[in-house]
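Right, one structure below, let's go through it.
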Amino acid sequence: MPIFFVRLPELLEQLAVGKTTLYARIKQGTFPPPVKFGERVSAWPEHEVDTVVNAYMRSATKEDLQKIKEDLHAIREKLEDKSQYVFGF
């Protein structure tokens, strides 16, 4: 199954937040960090963004969001076949 990515401008628009807020959430552990593809290229797996947005819509607590982020990170770490990445950005 291919993995699609969301770049920063689209992510900020989808979340309706600013860059400072997004990176504060990443630092707090309530939003997953981006995947780095190079020195100046990073993006977020679309399914991870969707998972966190759905949690926000359910009014998830900070602890819930941190657990979701940890679970998503563990899944990302297990992904060995990088050929599934779709670079459609």
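What you find for P33 and R76 is that their closest heavy atoms are O-NH2, 2.8 Å. Pairing each heavy atom of K36 with each of S42, the nearest pair is CD-CB, 3.9 Å. Closest non-hydrogen pair, P32 versus I26, comes out as O-CG1, 3.8 Å.
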Run the numbers on V41 and R7 for side-chain contact (heavy atoms from CB on, under 4.5 Å), then give the verdict. CA-CA 9 Å; V41 180; R7 294 291 304 272; 4.3 Å; yes

Assess the residue pair Q14 and W44 against the criterion (side-chain contact (heavy atoms from CB on, under 4.5 Å)); give the C-alpha distance rounded to whole Å, side-chain angles, the decisive distance to 0.1 Å, and a yes or no. CA-CA 12 Å; Q14 181 179 354; W44 285 260; over 6 Å; no

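Using a 4.5 Å cut-off between side-chain heavy atoms of Ile, Leu, Val, Met, Phe, Trp and Tyr, with links allowed through other members, Y56 and L22 fall into the same hydrophobic cluster. Cluster annotation: I75 and I68 are assigned to distinct hydrophobic clusters (Ile/Leu/Val/Met/Phe/Trp/Tyr, side-chain heavy-atom contacts under 4.5 Å, transitive).
The side chain to side chain donor-acceptor pair (under 3.5 Å) search around D71 returns K67, not counting sequence neighbours. D64 meets the side chain to side chain donor-acceptor pair (under 3.5 Å) test with T61; sequence neighbours excluded.
In this structure, T30 contributes its side chain and K62 its backbone to no donor-acceptor pair below 3.5 Å. A side-chain donor-acceptor contact under 3.5 Å links Q66 to the backbone of Q28.
Distance check, rounded to the nearest 0.5 Å: CZ of F5 to CG of L11 gives 13.0 Å. The distance from the CG atom of L8 to the OH atom of Y23 is 5.0 Å, given to the nearest 0.5 Å. The CD atom of E48 sits 8.5 Å away from atom CZ of F31, with the distance rounded to the nearest 0.5 Å. To the nearest 0.5 Å, atom OG1 of residue T51 and atom CG of residue L65 are 11.5 Å apart.
Between K69 and V52 there is no side-chain heavy-atom pair separated by less than 4.5 Å.
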